[in-house]
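Start at 1 and go down the list; that is how both ligands and their atoms are numbered.
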Amino acid sequence: MIEHFNPLEGKFLQVLDKGGHVYKILEPKLSTNDLKKIYETMVLTRMADDKALKLQRSGRMGTFAQVLGQEAQVAVGLAMKKEDWFFPSFRELGILLVRGSPLEKFYLTFMGCEEGNRTPKDINNFPVCVPVGSQTVHAVGAAMAAKIKRDKVVTVVAFGDGGTSEGDFHEAMNFAGVFKAPCVFFCQNNQWAISTPRSIQTAAKTIAQKAIAYGFQGIQIDGNDPLAIYVATKEAVEHARQGKGPTLIESLTYRIGPHTTADDPTLYRTEKEVKYWQERDPIKRFKIYLQKKGLWTKKYEDNLIKKCTKQIEDAVAKAEKIAAATKPEDMFRYMYEKMTPVLQEQLEYLHESLGEKEA
Ligand SMILES: Cc1ncc(C[n+]2csc(CCOP(=O)(O)OP(=O)(O)O)c2C)c(N)n1
Ligand SMILES: [Mg+2]
């Protein structure tokens with residue numbers, strides 16, 4: 001299917017349009033459970049995201065990057081196997097949740113606690129990665145390791161449109177193409193990298209077409225359509241698993257909120273643009289789709305909201321308890337197995353300054 005959507009010919013994959021109508025010929029055969037899992041995780045992501053914003057605004061969390069508008073990403077997780085590895089940037093709460101990462105870990109990360117970076121052993125998700133684009137190299141490295149070990153494992157890496165301007169991205173793409181690394185590059189093109197618009201990020205017409213220069217397939221898809229994300233990622237992941245090489249998916253979406261809680265987007269973009277994308281909301285269209293299948297009712301929604309509220313409250317309570325017991329020294333402790341002399345020196349400096357403060 002991906003081969004029929006050549007980005008150089010201006011092809012773009014959409015399965016579910018903004019009004020919730022499905023293109024039958026492209027519709028994936030997902031079980032009721034999986035369809036509900038997509039919807040429920042999108043709703044949980046939006047609510048958990050909103051809670052994080054409130055925690056930040058009331059001084060209970062540090063700078064935070066909202067997912068708002070990009071929740072269709074959860075379908076990436078559905079298209080992967082449990083044993084596959086996921087490498088996020090910092091705007092992938094939905095994919096992390098659907099793949100089983102506990103919500104409190106995500107909250108802890110943005111509360112500045114190293115504990116947030118410790119993923120449970122049986123969950124193959126890497127921690128949140130803030131240095132833009134650097135996770136692409138980690139994902140290709142892990143994919144190469146799997147290939148050498150003959151593990152039928154695929155890695156999926158998420159990054160933004162801004163990430164595609166980093167050297168790391170190009171090194172990762174080149175290496176993956178040459179060595180047919182079993183890796184899927186999932187670019188969340190949300191149109192902005194802080195205040196830099198997509199139009200001045202690259203002179204290329206699409207991001208997807210960059211794959212062609214590196215010798216593998218690329219596809220541009222509707223990133224607010226969970227079904228398009230599922231179809232493209234599923235095919236890309238299986239393509240990689242069969243040893244046929246990587247895929248670049250450009251998922252066209254929009255960041256409805258600010259870049260982070262430290263940003264004011266009204267300074268560089270119009271309300272009209274935001275409204276255009278709000279009309280293409282992923283949750284709204286998926287709800288209509290489920291309703292038509294007889295899977296969405298008011299009672300189902302009410303129960304879901306109740307369940308999510310409880311899950312979020314529990315996660316906040318757990319995170320705040322761990323955060324209260326966290327020591328600033330932790331930031332030096334987990335970088336290397338054995339602390340380097342430079343970190344040791346910095347730790348001693350920290351102790352000294354804490355001592356001075358206490359005195
Ligand atoms: C290597 C590096 N350079 C700069 C930054 C500061 N920074 C944080 S996010 C960001 C923009 C990222 O934009 P994009 O990749 O499109 O992701 P989005 O935030 O839109 O999800 C920048 C420049 C950083 N974190 N890392
Ligand atoms: Mg972006």
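- The residues E114 and R333 are annotated as not salt-bridged, no charged nitrogen and carboxylate oxygen being separated by less than 4.0 angstrom.
- By the criterion of a separation under 2.8 Å, the protein N/O/S atoms near the Mg ion (ligand 2) amount to D161 OD1, N190 OD1, W192 O.
- Scanning all heavy atoms of the two residues, the minimum distance from D168 to S134 falls at OD2-CA, 3.2 Å.
- Of the charged side-chain nitrogens involved, at least one lies within less than 4.0 Å of a carboxylate oxygen, so that E115 and R118 count as a salt-bridged pair.
- Ionic pairing of D84 and R241 is present here: one or more N-O contacts between side-chain nitrogen and carboxylate oxygen are shorter than 4.0 angstrom.
- For Q56 (side chain) and T63 (main-chain N/O), no donor-acceptor pair under 3.5 Å exists by modelled atom type.
- For F87, the ring pair (Phe, Tyr, Trp, His ring centres under 6.0 Å) partners are F126, not counting sequence neighbours.
- Screening E92, E250, R91 against Q188 for a side-chain hydrogen bond (donor to acceptor under 3.5 Å, both in side chains) leaves a single residue, E92.
- Here L8 is tied into one hydrophobic group with I212, each link being a pair of ILVMFWY side chains closer than 4.5 Å.
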Report each N/O pair between ligand 1 and the protein that falls under 3.5 Å, naming both atoms.
unit_1, atom_1, unit_2, atom_2, d
ligand 1, 15 (O), G162, N, 3.2
ligand 1, 15 (O), G163, N, 2.9
ligand 1, 16 (O), D161, N, 3.3
ligand 1, 16 (O), D161, OD1, 2.8
ligand 1, 16 (O), G162, N, 2.8
ligand 1, 16 (O), W192, O, 3.3
ligand 1, 19 (O), R91, NH2, 2.8
ligand 1, 19 (O), H259, ND1, 3.3
ligand 1, 20 (O), N190, OD1, 3.0
ligand 1, 20 (O), N190, ND2, 2.9
ligand 1, 20 (O), W192, O, 2.8
ligand 1, 21 (O), R91, NE, 2.7
ligand 1, 21 (O), N190, ND2, 3.4
ligand 1, 25 (N), V130, O, 3.0
ligand 1, 26 (N), V132, N, 3.0

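- With salt bridges taken as basic N to acidic carboxylate O contacts below 4.0 Å, one links D281 and R46.
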